[in-house]
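We use all heavy atoms of the structure for the numbers below, so side chains are in, but hydrogens, waters and symmetry mates are not. One is the number of the first residue; the rest follow in order along the sequence.
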Amino acid sequence: MSTLIEDYALLGDLETAALVAKDGSVDWLCLPRFDSPACLAALLGTEANGSWRLAPVNGGHCTRRAYRPGTLVLESLWKTPTGTVRVSDFMPPRTQLPSLVRVVEGISGEVTVRSALRPRFHQGRVVPWIREAGARTVAVAGPDALWLGADGPVRVVSGTGTVDWEAVVPAGQRLALTLVWAPSHRPDPPAPLSVPVETVLKETVGYWRRWAARCRYEGPWRDAVVRSLIILKALTYAPTGAVIAAPTTSLPGHIGGERNWDHRFCWLRDSTLTLSCLLRSGYRAEATAWLDWLVRAVAGDPAGLQTVYGVRGQRLLPETEAPWLAGYEGSRPVRFGSSATDQFQLDVYGEVLDTLWLSLRAGIPMPGHVWELVEELMGFLLRHWREPDQGLWQVRGPRRQFVHSKVMAWVAADRALRMGELLGRNGSSAEWRTMRDEVHRQVCREGWDPARQTFVQYYGSPALDASALLIPRLGFLPDDDERVRGTVRAVRGLGHGGFVRRYATNGSGVHDVDGMPGPEGAFLACSLWYAHALAATGRSRQAQEAFERVLAVRNDVGLLSEQWDPDAGRQLGNTPQAFSHAALVETAFALSPTAPQQLSPTAHRYSSGSGRRSEPA
């Protein structure tokens, strides 16, 4: 059986990431970037697809592991019959080449520790040529080379593609192993670390602690908020400012099922939530870098606006399958890339304009060419907002008139009007105001179920969708509107074991909206939206209970994946998930009475009847 998803911890250097399990095995590592082919892929297969295990050889177990406070340095304590050792795993923030460092420290007695490195390039498929090269060992295949340096001799196990290292570690001794990636065409090996490993470790700890100390949240859940912010920082591709959804691919929403997607890219859906989360927490530089990436990525013909982009802003992310990988607990196919780039999603126009408005409201300057982008996006929406699309959840079924997509079209017009007013650019305001009002009337007429007193998933459907919880947060209706309260009550019907699903399946386990077979877990971001909505509608005690239910399913080092299975009591989906952690931070702010005022635009209020504005915009 595969290692449980919640048994993994994250390591990262702000350009890529690794996952290390409780048994000391690094089972996932893509180099040199998040979206590069994996060179350790046991997460989606077996150790034969690439792994690096470091653990005692004479039994024992990891009794405790935790990140050093305020850092992404993982410490694992191993007790054995002969003694105790501590293993510190970390990736120094990138300065030149990516490296993963593992330090073994003797605490008591003496312990024999073994390292077994099995590199497998090209998504766990290619066994490299491994040879000794002076004081280090190098594994080469195609464009990639991995260099292993160790305190003590290593042994290349003939015919297995394995590099072994073994040492007796007495109390008080420290030994280190360092794995460095380099392009294979470089004539010389990468230079060894210029300072001792202890110094690199100290500098890495210092970097993360200085960064974490900038967090402005001071409420009752500070530890959880800081940990989530560190995860978001670790999922940032520093050269461009992009924030990926998750560092993994094909971890399933249902064990053995087909809902296995690659999340190592950047979704526009996440843009407003990510920016708001960073700004409210005091990370203006990171928010500005994310905004700059967003503007560069979406530049061009507004008809070509995609739902997802690569970390460098690339648009072509061809989706392929990897039949040589067995899949996590047999969940196949294993996918790399994303066909979601070809989908039509109306909501992304609202997400982009909402993000631009939020940044302008926070005092981030808007260059003139960005206003040109606003006008281009609105010109496209004026012509196309009435069309069906594939919605927030990127369904692979037929296009529909999704309520959330229409609400986001309203958001686009509303934010464009607000930016124009602030910047003194009102040339198109009459058209945009007319569109905004028409969208609002249509959603309230076609998207509202008067019998059940709730907004539905798409026009004419009886189905519910958790995205309706965002209606008041987006300013479409006020918190105290009876339609908002009715929707929050109705969304309880999506509940599963105290958590909230995106939408429901029919009796056969097929999702009506997307036609894909099999159930899926409750979405953690949706569960947090529900807690936020409860608080906004005056149910503070229930909101805190819903929030703390989510906190309780974080793993031992504070990580959340995309989903939670209340029946099996385990995490599902790609991990750690930026959407879940950003929603955690936003909800903590919303539930904390002393937290800074919400930065998300609350917009003007609409009456519960005609849809007329009660405040000018």
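Between the side chain of E562 and the backbone N or O of G573 there is no donor-acceptor pair closer than 3.5 Å. In this structure a side-chain-to-backbone donor-acceptor pair under 3.5 Å is present from R549 to G498. Judged purely by atom type and a 3.5 angstrom limit, R259 has no side-chain atom pairing as donor or acceptor with the backbone of G253. In this structure, the side chain of T71 engages the main chain of R68 through a donor-acceptor pair within 3.5 Å. Judged by distance alone, the side chain of D465 and the main-chain N or O of A468 form no donor-acceptor pair under 3.5 Å. The closest donor-acceptor contact from the side chain of Q453 to the backbone of P450 lies under 3.5 Å. Looking at S461, its side chain does come within 3.5 Å of a backbone N or O of A463 through a donor-acceptor pair. In terms of modelled atom types and a separation under 3.5 Å, the side chain of E545 and the main chain of A531 share no donor-acceptor contact. In terms of modelled atom types and a separation under 3.5 Å, the side chain of S338 and the main chain of A340 share a donor-acceptor contact. Side-chain N or O atoms of W410 include none that pairs as donor or acceptor with a backbone N or O of G475 at under 3.5 Å.
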Pair up each side-chain donor or acceptor in residues 5-12 with any protein partner under 3.5 Å, not counting sequence neighbours, and list the distances.
unit_1	atom_1	unit_2	atom_2	d
E6	OE1	Q571	N	3.1
Y8	OH	D27	OD2	2.7

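Across every non-hydrogen atom of A297 and G313, the tightest pair is CB-CA, 4.2 Å. The shortest non-hydrogen separation linking D270 to A245 is OD2-CB, 4.2 Å. Listed here is the closest heavy atom pair of S276 and E586: OG-OE1, 3.1 Å. Contact between V243 and W290 at its shortest, heavy atoms only, is N-CZ3, 3.2 Å. Heavy-atom minimum distance, G391 versus D347: C-OD1, 3.8 Å. When every heavy atom of L229 is checked against every heavy atom of C277, the shortest pair comes out as CD2-SG, 3.9 Å.
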The test is salt bridge (Lys or Arg N to Asp or Glu O under 4.0 Å); show your working for R269 and E351 and say whether it passes.
CA-CA 6 Å; R269 173 194 69 184; E351 295 288 1; over 6 Å; no
Between E421 and R415, is the salt bridge (Lys or Arg N to Asp or Glu O under 4.0 Å) condition met? List the steps.
CA-CA 10 Å; E421 183 177 356; R415 305 317 189 245; over 6 Å; no
Go through R492 and Y530 one step at a time and tell me if the side chain to side chain contact (heavy atoms under 4.5 Å, CB included) criterion holds.
CA-CA 9 Å; R492 284 183 299 184; Y530 183 61; 2.8 Å; yes
Do M408 and V411 pass the side chain to side chain contact (heavy atoms under 4.5 Å, CB included) test, and can you show the C-alpha distance, the side-chain angles, and the key distance before you say yes or no?
CA-CA 5 Å; M408 292 309 297; V411 167; 4.1 Å; yes
Stepwise side chain to side chain contact (heavy atoms under 4.5 Å, CB included) check, Y503 with F523:
CA-CA 10 Å; Y503 43 80; F523 262 60; over 6 Å; no
Yes or no on ring-ring contact (aromatic ring centres under 6.0 Å, His included) for Y309 and F265, after CA distance, side-chain angles and deciding distance?
CA-CA 6 Å; Y309 295 83; F265 309 115; over 10 Å; no
Would you please test Y207 and L14 for side chain to side chain contact (heavy atoms under 4.5 Å, CB included) and show each step?
CA-CA 12 Å; Y207 170 86; L14 308 181; 3.1 Å; yes
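Between W529 and F579, the ring planes are perpendicular. Angles over 60° get that label, and only those under 30° would be called parallel. Ring geometry for F455 against F476 counts as perpendicular: the plane angle is over 60°, on a 0 to 90° scale with 30° as the lower cut. Between W208 and W211, the two ring planes are perpendicular [angle over 60°; tilted spans 30° to 60°].
Atom-to-atom distance recorded for Q345:CD and T307:OG1 is 5.0 Å, nearest 0.5 angstrom. A distance of 7.5 Å separates CZ of R399 from CD of E387, quoted to the nearest 0.5 Å. Here I231 contributes atom CD1 and T236 contributes atom OG1; the two are 11.0 Å apart, rounded to the nearest 0.5 Å. The CE atom of M435 lies 9.0 Å from the CD atom of E438; values are rounded to the nearest 0.5 Å. Within the model, atoms OG1 of T249 and CH2 of W261 stand 10.0 Å from one another, a figure rounded to the nearest 0.5 Å. In this structure, CG on L464 lies 8.5 Å from CG on D449, to the nearest 0.5 angstrom.
Judged by the 6.0 Å and 45° rule, R264 forms no cation-pi pair with F34.
Comment: R502 engages E520 in a salt bridge, judged by a side-chain N to carboxylate O separation of less than 4.0 angstrom. Ion pair R554/E548 not flagged as a salt bridge, since none of the NZ, NE, NH1 or NH2 atoms sits closer than 4.0 Å to an Asp/Glu carboxylate oxygen. Under a 4.0 Å N-O distance rule, the pair R418/D414 qualifies as a salt bridge.
Taking the side chain as every heavy atom from C-beta outward, E482 and L477 never approach each other to under 4.5 Å. At least one side-chain heavy atom of Q394 sits less than 4.5 Å from a side-chain heavy atom of W267. With a 4.5 Å cut-off on side-chain heavy atoms, L392 and F402 do not count as touching. For the pair Q401 and V443, the minimum side-chain heavy-atom distance is 4.5 Å or more. Looking at heavy atoms from C-beta onward, W221 lies in side-chain contact with L591 at the 4.5 angstrom threshold. Side-chain contact between L584 and L551 is present, with heavy atoms from C-beta onward closer than 4.5 Å. The shortest side-chain heavy-atom distance between V491 and V500 falls under the 4.5 Å cut-off. When side chains are defined from C-beta on, I471 does not count as touching T487, because their heavy atoms never get closer than 4.5 Å.
Remark: the D389 side chain and the S405 side chain contain an N/O donor-acceptor pair separated by less than 3.5 Å. Between D565 and H496, the side chains place no donor N or O within less than 3.5 Å of an acceptor N or O (distance only, hydrogens not considered).
Other residues, nucleotides and ligands place more than 12 heavy atoms under 6.0 Å from the CG atom of D556.
Applying the side chain to side chain donor-acceptor pair (under 3.5 Å) test between T248 and each of D262, N574, T575 identifies N574 as the sole match.
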